[in-house]
Amino acid sequence: MTLARRCGVLLHVSSLPNRHGVGDFGPRAHEFIDFLADGGQEVWQMLPLAPINAGAGNSPYSSYSAFAGNTLFISPELLVRQGVLRSRDVEPPPDFPLDRVDYRAAAAWREKILEQAFDNAFPGLRADSGFDAFCRKADFWLDDYCLFAALKREHKGVPWLSWPRGLRLREPAALEQARERLGYDILRERYFQYLFSLHWKNLRDYAAERGVSLLGDVPIYVSLDSSDVWAHRELFELDREGLPIYCAGAPPDYFSETGQMWGNPVYDWAFQEKDGFSWWARRLQHESERFDMIRLDHFRGFCGFWQVPACEPTAENGLWIPGPGARFFNAMKERVPGLCILAEDLGVITEDVVALMSEFGFPGMKILQFAFSPDIGKNAYIPHNMPVQSAVYTGTHDNNTTRGWFSDELDEEGRRRFCDYAGRQVSADSAADVMIRMALGSVAALCIIPMQDYLNLGADGRMNMPGVAGGNWGWRLQPDMATRGLSERMLFMARIYGRTEG
């Protein structure tokens, strides 16, 4: 895969402005695409679109499904346009905060209006050919997920490992009884996923019309409390009761002195290889139909992964275990034609990772906030050392904003190196602009800037603090932030640095 020289913005859907508690696929998302296109931005990168686990801090990387969509992103306004809701069903919405996502309140209100939409659509649903076609195409994951979701509701949200034994171990009689008992709930969950797919397709088609490519994010691991693990236990390293033997994580690094204990079960790669990694092929095909390109999170894990005994309190006492490597990607190349991958190659990167990326032509990521170390001249993230076929960022969703980084995280020597490299004195006010220009002016073909840096926000605009359970994923774009003036400035810089012909 060869990247063309262009630029874009990182902003999750949840961060879009509206009056409905959380960003969604509705009119504000379409307006944001207009903002990007007018600003010479040809890529919109977002975080995973999967349903979030509120008990895991609302992280889009901790989901109940690797395939299903987050129903929070279904647009109330589009439901009215479809005719399944009336204006009075959604207006006026509760008085949600505009600057942060209140996930609990937004989920409660949106669930109520989605249930009303289902009740309205139910009489004609069986005759809806679009709904029928969606269900047939998604049958690999939809049946299991909707039964899982219905059972989770029935059991007040407790993890599937705490369900009655027959359901936990998926005994056929127990599952059949559940399907009969929960038929209405299962159908409702199917309808919600259908709505998600309709609203997403509407947004994707509009992005294509405006020349904006969509860059998605695929986490390498799935949550233990997910329909994927419940329905496909054979794919993971679990004991007879479904408990993880080992957990995935990351060793101590820049983000955490004790490493990161993610809690996800690790894959039984030997078992998956026997059928050509078919579950993964379906997953990546699913994502490649959603997005123009996918960022494969924790790419390192396909070469070798940090495996920690499930009993450990931190990730310090783990081991590197070999991953499936080239065998996996050869299978994906055969089974998922046209797959475009951006490798998230951050953290501990060894020569085998570099070789694997080179063999398959996967571009990697270069983060400027990591560039100003004492060995700055040799640093792999500094602009003059970047390969052309890579994606440069000022920071990612896991980093502080550039203003916050410069003010709160960069020591005096680091600031001096930053100023020396920039060739000018830099303050907290100017750091983001200087860094954006470094990124845009680099040789890296793809340049992605978090929206918070274009807005020159401080640490209060940070999306996620790794290793901290609460308070993350809530930042929102204010309605008056994506201005015409900002779009014109972005277009000016995109043209100056040869990243758009617009």
Side-chain angles (χ1 to χ4, degrees), residues 3 6-12 43 45-47 61 215 217 219-220 250-256 260 293-301 341-350 353-354 357 362-411 414-415 417-418 421-422 426 431-454 456-457 459 461-467 497 499:
L3 292 175
R6 53 186 181 160
C7 57
V9 167
L10 169 61
L11 181 83
H12 194 35
V43 180
Q45 180 176 341
M46 53 191 70
L47 306 184
Y61 295 88
L215 172 53
D217 197 328
I220 184 173
D253 61 7
Y254 170 87
F255 290 116
S256 174
Q260 297 179 47
M293 181 188 299
I294 57 173
R295 171 188 180 269
L296 198 50
D297 191 43
H298 195 57
F299 185 86
R300 171 77 177 86
I341 287 176
L342 172 65
E344 188 272 284
D345 57 339
L346 308 176
V348 179
I349 299 302
T350 51
V353 179
V354 176
M357 291 172 61
F362 297 147
M365 296 173 60
K366 301 299 176 185
I367 311 302
L368 286 183
Q369 287 187 22
F370 298 159
F372 300 95
S373 58
D375 63 343
I376 184 171
K378 298 180 180 179
N379 189 297
Y381 298 103
I382 205 73
H384 64 261
N385 287 332
M386 292 177 186
V388 172
Q389 286 302 299
S390 62
V392 60
Y393 295 72
T394 51
T396 74
H397 64 274
D398 281 334
N399 293 93
N400 204 338
T401 64
T402 293
R403 185 185 183 113
W405 165 81
F406 185 89
S407 299
D408 306 332
E409 298 181 17
L410 203 58
D411 61 20
R415 290 196 193 102
R417 288 189 291 271
F418 183 70
Y421 195 81
V426 181
D433 183 68
V434 171
M435 190 84 102
I436 289 169
R437 289 176 178 273
M438 279 187 195
L440 288 167
S442 74
V443 297
L446 180 60
C447 175
I448 302 290
I449 306 297
M451 190 65 185
Q452 293 95 318
D453 281 352
Y454 272 123
N456 197 21
L457 299 182
R462 185 170 186 160
M463 192 64 168
N464 180 48
M465 174 77 78
Y497 295 108
R499 294 191 178 272

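Remark: Ser390 OG to Leu3 CG distance equals 8.0 Å, nearest 0.5 Å. In this structure, CG on Asp345 lies 11.0 Å from CZ on Arg300, to the nearest 0.5 angstrom. For the atom pair CD1 (Ile449) and SG (Cys7), the distance works out to 8.0 Å, reported to the nearest 0.5 Å. Taken from CD1 in Ile382 to CZ in Arg417, the straight-line distance is 10.0 Å, to the nearest 0.5 Å. Note that CD1 of Ile294 and CD1 of Ile341 are 5.0 Å apart. Values are rounded to the nearest 0.5 Å. A distance of 9.5 Å separates CD of Gln45 from CE of Met293, quoted to the nearest 0.5 Å.
The shortest side-chain heavy-atom distance between Phe418 and Gln369 does not fall under the 4.5 Å cut-off. A 4.5 Å side-chain heavy-atom check between Val43 and Val9 finds every atom pair outside the cut-off. Looking at Leu368 and Met438, their side chains come closer than 4.5 Å, going by heavy atoms from C-beta outward. Here the side chains of Phe299 and Val353 are in contact, with some heavy-atom distance below 4.5 Å. Side-chain contact check for Asp217 versus Met46: every heavy-atom pair is 4.5 Å or farther apart. Proximity of Lys366 to Pro387: side-chain heavy atoms (C-beta onward) are separated by under 4.5 Å at one or more points.
Under a 3.5 Å cut-off, the side chain of Asn379 and the backbone N or O of Ala371 do form a donor-acceptor pair. Side chain of His298 to backbone of Ile220: no donor-acceptor contact under 3.5 angstrom is found. Panel note: side chain Asp453, backbone Asn456; no donor-acceptor pair is recorded below 3.5 Å. Between the side chain of Arg415 and the backbone N or O of Ser407, at least one donor-acceptor pair lies under 3.5 Å. In this structure, the side chain of Asn464 does not engage the main chain of Asn399 through any donor-acceptor pair within 3.5 Å. The closest donor-acceptor contact from the side chain of Arg295 to the backbone of Asp297 lies at 3.5 Å or more, if one exists at all. With hydrogens and angles ignored, the 3.5 Å screen pairs no side-chain donor or acceptor of Ser442 with any backbone N or O of Pro383. At least one donor-acceptor pair under 3.5 Å links the side chain of Arg499 to the backbone N or O of Ala445. Side-chain atoms of Glu344 never come within 3.5 Å of backbone atoms of Gly364 as a donor-acceptor pair (strictly under, hydrogens ignored).
Contact detail for Gly377 and His384: the closest heavy-atom pair is O-NE2, 2.9 Å. Residues Met357 and Ala343 share a closest heavy-atom pair of CE-CB, 4.0 Å. Nearest approach of Gln452 to Gly461, heavy atoms of both residues: NE2-O, 3.0 Å. Taking both residues in full, the closest heavy atoms of Val392 and Ala439 are given as CG1-O, 3.5 Å, listed atom of the first, atom of the second, then distance.
Among the candidates Trp405, Tyr381, Tyr393, the single residue satisfying the ring pair (Phe, Tyr, Trp, His ring centres under 6.0 Å) test with Phe370 is Tyr381. Each of Leu457, Thr401, Thr394 was evaluated against Pro450; a single residue qualifies, Thr394, per the side chain to side chain contact (heavy atoms under 4.5 Å, CB included) test.
Side chain to side chain, Thr396 and Asp398 fail the donor-acceptor criterion of an N or O pair below 3.5 Å.
Annotation: Tyr61 is in aromatic contact with His397 [ring centroid separation under 6.0 Å].
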Q: Give the C-alpha distance, both sets of side-chain angles, the deciding distance and a yes or no for salt bridge (charged side-chain N to carboxylate O under 4.0 Å, His left out) between Arg403 and Glu409.
A: CA-CA 10 Å; Arg403 185 185 183 113; Glu409 298 181 17; over 6 Å; no
Q. For Met451 and Leu10, what are the C-alpha separation, side-chain angles and deciding distance, and is it a side-chain contact (heavy atoms from CB on, under 4.5 Å)?
A. CA-CA 6 Å; Met451 190 65 185; Leu10 169 61; over 6 Å; no
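Considering only residues two or more places apart in sequence or on other chains, Asp433 meets the side-chain contact (heavy atoms from CB on, under 4.5 Å) condition with Arg437, Arg489, Met493.
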